[in-house]
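These notes are about the structure you will find just below.
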Amino acid sequence: MTRTTQARTAAALLDRHGTTYAAEAGITLRDTPQPLYQLLVLSVLLSARIRADVATAAARALFAHGLRSPKAMEEASWQERVDALGEGHYRRYDERTATQLGEGAELVRARWSGDLRAVREDADRLREVPGIGPAGVDIFLREAQSVWPEYAPRFDAKALQGAARLNLPEDPHRLARLTDTPATFAAALVRAALNKKVTEDVREHAAA
C-alpha cells in the first residue's frame with residue numbers, strides 16, 4: 001500500500017470511527033483523579049471477554065449511579081454495583097466484576113490516595129488492581145496517551161491487528177506518522193479489529 005493510500009485509509013478510519021472508548025463511555029479525559037479513575041473502571045470492564053459496546057454501556061451506567069470516584073465505588077454496596085452493571089447489560093461477569101470494582105477502589109484509595117497520577121511514571125503498577133492484567137494496562141494507556149503523552153504512540157496488540165486488517169503499517173511509530181491523535185486512531189483501529197463491517201466501511205470510503 002502506498003503512503004497516499006495509507007493516508008486515505010487512516011483519514012477514512014478516523015472520520016468514520018474516530019471516537020475513543022473513554023469518550024464513548026462519557027469520560028472527559030483529563031490528567032486529574034476522577035477521569036483517570038473512570039478510565040481505570042472502563043479498562044476493567046473492557047478487559048473481560050465481553051463486547052466493547054456492552055463494556056462502555058456498563059461504564060456509563062456505573063457513572064450515572066454516581067460511582068465516578070474510588071470513594072463512591074468503595075462505599076456502594078456490592079448489589080448496587082451489580083445492579084448498575086446489569087443496566088448496562090454487563091450480565092455475564094457482573095458479580096465477579098462488582099467484587100473487583102469494590103476491591104480495586106479500596107486499593108486505589110489505600111495505595112495511591114485515590115489519585116492515579118501516582119502511577120504515571122510506572123503504569124505497570126496498575127496490574128495490582130483486581131481485573132487489570134497486562135491487556136488492561138494496555139487498554140488504559142492506549143486511551144491515557146492523550147493526557148500522558150510520554151506513553152505515545154501506544155498501539156496495543158488489538159490495535160495492530162486492526163492495522164493489519166486495513167493493510168496499514170504494523171509498527172507503532174509508522175502508524176503514528178498517519179495521525180496527530182494517536183489515542184483516537186488506536187481506538188478506531190481496535191474497532192476495525194473487532195468488527196469486519198468497520199473494515200469494509202473504511203475501505204469503501206477510502207476508495208471513494
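Between Asp53 and Arg51 there is a salt bridge, since at least one side-chain N of the basic residue sits less than 4.0 Å from a carboxylate O of the acidic one.
Using a 4.5 Å cut-off on side-chain heavy atoms (C-beta onward), Arg117 and Trp112 make no contact.
Glu24 and Thr19 share no donor-acceptor pair across their side chains, judged by distance under 3.5 Å alone. The closest side-chain donor-acceptor pair between Thr4 and Thr2, if any, does not fall under 3.5 angstrom.
Here the side chain of Thr56 pairs a donor or acceptor atom with the backbone of Ala52 at under 3.5 angstrom. The backbone N or O of Leu45 lies less than 3.5 Å from a partner atom in the side chain of Tyr90, making a donor-acceptor pair. A donor-acceptor pair under 3.5 Å is absent between the side-chain atoms of Tyr37 and the main chain of Val108, judged by distance alone. In this structure, the side chain of His205 engages the main chain of Asp201 through a donor-acceptor pair within 3.5 Å.
Gln145 and Pro182 make their closest contact through OE1-CB, 3.5 Å (heavy atoms, listed as atom of the first residue, atom of the second, distance). Minimum interatomic distance between Arg165 and Ala192 (heavy atoms only, all atoms of both residues): NH1-O, 3.3 Å.
The number of heavy-atom neighbours closer than 6.0 Å to CD of Glu121, taken from other residues, nucleotides and ligands shown, is 12 or below.
A side-chain contact (heavy atoms from CB on, under 4.5 Å) with His65 is found for exactly one of Met73, Glu87, Arg60, namely Glu87.
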